[in-house]
*Asks:* 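Right, I'll just put the structure down here and ask away after.
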2 protein chains.
Amino acid sequence: MQPSRAATRAGRPRDSQIDVALLDATLAVLDESGYGRLTLEEVARRAGTTKPAIYRRWPTRQHLVLAALARRLGEVTVPDTGCTMCDLNEGISVFVAAFRRMPPDVLGPLLADCATRDELRADFMTMLFDPPRAAVERMLTSAIARGDLREDVELDLTLDLLGSLVHYRVLFGHAPISDAEIERAVETLLRGIATDYPRLLEHSREQSGDSATHQLHT
Amino acid sequence: MQPSRAATRAGRPRDSQIDVALLDATLAVLDESGYGRLTLEEVARRAGTTKPAIYRRWPTRQHLVLAALARRLGEVTVPDTGCTMCDLNEGISVFVAAFRRMPPDVLGPLLADCATRDELRADFMTMLFDPPRAAVERMLTSAIARGDLREDVELDLTLDLLGSLVHYRVLFGHAPISDAEIERAVETLLRGIATDYPRLLEHSREQSGDSATHQLHT
DNA sequence: ATAACATTACGTGTCGTAACGTAATTTATA
DNA sequence: TATAAATTACGTTACGACACGTAATGTTAT
């Protein structure tokens, strides 16, 4: 419980250039080789340093990769236009876009590798999954406040229905989820949880002005 | 392209008792240690044999574990009572039950380990994921034929919406999916894809005779 | 005095495979 | 039909390869 003194430890300070060099090298190796073939020596070699420098910063390979991916994920923003259907379509795109920034053959193996240790699994969720999920949750809450969705909608279940579809396509099928499929899924779900689906549909048409959208089902 | 001659190869035949001993030992080790800590020597030791006996039968550890899990999965049956809502609730339970038979900390790592090689990924899907999915697909097809679901329902998308929820809960959250959540999800989806949701709900009540079911939303 | 740095090296564990002699079964030959 | 040859699985043992995580050492920066 030391004050801010702990921030400036004695001795030679860390070289922050090595931090970013290691994270960048990790991302490069992940892109090329995937998580399974990532070796710490290769990461260190590309960063122009060596293994001990890695272990000084992150206790395990999982922590290193988590930090690298979180760096790439960046911040997640969320639309709030007042048009529930538009927002949800956009919101799912937030999910999809977030995972498109992740190299394939990385997320699944990393999660699997983190699943055994509870603390690591929590870190994985906090750093990679919760941000986009929380963004969609904010959209749903706004929609409920507007009266667009039934008040007894179960937030967690709806979030899982939306998010799990994306995760499923990312982790299981290599089939990328298309924008059309996102719209279909949102339409189906909205029929189930909206107070007045036709009104939302109409509102969406006015808002977007794009007459080609949302006309598949009437 | 030899006839049935190839079935009976020359030389000493495989000892089928070793086959089952190895598969059982694999399941035992998976239950205790999970996929990550499974070593082939431990499997061989418990089966009363040695590593080469494994490699004579399965080319990789992944194939061995796939065969062991498929053995436990067994056959997947499907209800067809004519009550769409009942069948779907039952059908999702098929998914859930199938995965309940799988030890935790196994499916995710195994999938991750199979994800890099396309042939292995296909085997994983064929042996573990497609059977329950196909069962639910048959139910949906029946429901469409009965006129309970809209004809333009996208089968694959609906299947993914149903199945991905289960996968999500199994692989990501360690929270087991409850029967109540299954019912909620089915209700939400049916509102979106049914031709006449109130009629399905009424039919379900008559069929089940259980007045406590499906009364959460009216 | 302290701690990060680069370098080097070590012990460990598991992998996948390769020997080797033995046992069991099919195929060819006497 | 009997016997030999060929073939393949079996257990045992051992090996090289690889990456892990850590430790030791001397140097450099605070």
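Within every chain, numbering begins at 1; the chains are lettered A, B, ... in the order of the sequence lines, protein sequences first and strands thereafter.
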*Asks:* Under 4.0 Å between any heavy atoms, over every strand shown, what does A:Leu38 touch: base, sugar-phosphate, or nothing? Just pick one.
*Replies:*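 It contacts sugar-phosphate atoms only.
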
*Asks:* For a side-chain contact (heavy atoms from CB on, under 4.5 Å) check, start with the C-alpha distance between A:Ile182 and A:Asp179, then their side-chain angles and the critical distance, and finish with the verdict.
*Replies:* CA-CA 5 Å; A:Ile182 292 176; A:Asp179 287 351; 4.1 Å; yes

*Asks:* Take atom CZ of B:Arg45 and atom P of D:dT13, then tell me their distance rounded to the nearest Å.
*Replies:* 15 Å

*Asks:* On DNA chain D, nearest-nucleotide positions of B:Ile18 versus B:Gly11: which is more 5'?
*Replies:* B:Gly11

*Asks:* Report which part of the nucleic acid B:Thr50 touches: base, sugar-phosphate, or nothing (heavy-atom distance under 4.0 Å, all strands).
*Replies:* base

*Asks:* Under 6.0 Å from the CZ atom of A:Arg37, do we count more than 12 heavy atoms belonging to anything else shown?
*Replies:* no

*Asks:* Counting only heavy atoms not in B:Arg117, do more than 12 sit closer than 6.0 Å to its CZ atom?
*Replies:* no

*Asks:* With a 4.0 Å cutoff (strictly under), does any side-chain N or O of A:Arg61 reach OP1 or OP2 of D:dC20?
*Replies:* yes

*Asks:* Between C1' on D:dT8 and CG on B:Asp19, what's the gap in Å once rounded to a whole number?
*Replies:*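 Spelled out: CG on B:Asp19 to C1' on D:dT8 is 15 Å.
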
*Asks:* Write down the distance between CD (B:Glu41) and P (C:dT12), rounded to a whole number of angstrom.
*Replies:* 16 Å

*Asks:* Atom CZ of B:Arg56 to atom P of C:dG16: distance rounded to whole Å?
*Replies:*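 Between P of C:dG16 and CZ of B:Arg56: 16 Å.
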
*Asks:* What is the nucleic acid contact for B:Thr49, judged by heavy atoms within less than 4.0 Å: base, sugar-phosphate only, or nothing?
*Replies:* sugar-phosphate

*Asks:* In whole Å, what is the span from the CG atom of B:Asp15 to the P atom of D:dT8?
*Replies:*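 After rounding, the reported distance stands at 18 Å.
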
*Asks:* Between A:Arg12 and B:Tyr55, which is nearer to the 5' end of DNA chain C once each is assigned its nearest nucleotide?
*Replies:* A:Arg12

*Asks:* Taking the nucleotide of DNA chain C with the nearest heavy atom to each, does B:Ala10 or B:Thr60 sit closer to the 5' end?
*Replies:*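 This one resolves to B:Thr60.
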
*Asks:* Compare the minimum distances between each of D:dA19, C:dA6, D:dC10 and the side chain of A:Ala53, then state the nucleotide with the smallest one.
*Replies:*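 Output: C:dA6.
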
*Asks:* What nucleic acid atoms does A:Arg57 come within less than 4.0 Å of, heavy atoms only: base, sugar-phosphate, or nothing?
*Replies:* sugar-phosphate

*Asks:* To the nearest angstrom, how far is B:Gln62 atom CD from C:dT14 atom C1'?
*Replies:*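 Distance check: B:Gln62 CD to C:dT14 C1' gives 14 Å.
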
*Asks:* Can you measure B:Tyr35 atom OH to C:dT14 atom P for me and round it to whole angstrom units?
*Replies:* 15 Å

*Asks:* Picking from D:dG11, D:dA14, D:dC20, which would you name as closest to the side chain of B:Lys51?
*Replies:*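 Per side-chain heavy atoms of B:Lys51, the pick is D:dA14.
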
*Asks:* B:Leu120 versus B:Leu66: any side-chain heavy-atom pair under 4.5 Å?
*Replies:* yes

*Asks:* Does A:Arg101 use its side chain to pair, donor to acceptor, with the backbone of A:Leu73 at less than 3.5 Å?
*Replies:*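 Side chain of A:Arg101 to backbone of A:Leu73, a donor-acceptor pair under 3.5 Å: yes, one is there.
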
*Asks:* Select from A:Arg37 and A:Pro52 the residue whose nearest nucleotide in DNA chain D is closer to the 5' end of that strand.
*Replies:*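 Nearest nucleotide further toward 5': that of A:Arg37.
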
*Asks:* Angle class for the B:Phe99/B:Phe129 ring planes (parallel below 30°, perpendicular above 60°, tilted otherwise)?
*Replies:*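 Aromatic pair B:Phe99/B:Phe129 classed tilted.
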
*Asks:* Tell me what A:Arg14 touches on the nucleic acid: a base, only sugar-phosphate, or nothing, going by heavy atoms under 4.0 Å.
*Replies:*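 Sugar-phosphate contact only.
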
*Asks:* Rounded off to whole Å, could you give me the CD-to-C1' distance for the A:Gln17 and C:dC5 pair?
*Replies:*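 Between C1' of C:dC5 and CD of A:Gln17: 14 Å.
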
*Asks:* From the set D:dT30, C:dG16, D:dC20, return the single nucleotide nearest to any side-chain atom of A:Pro13.
*Replies:*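 The listed nucleotide nearest to A:Pro13's side chain is D:dT30.
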
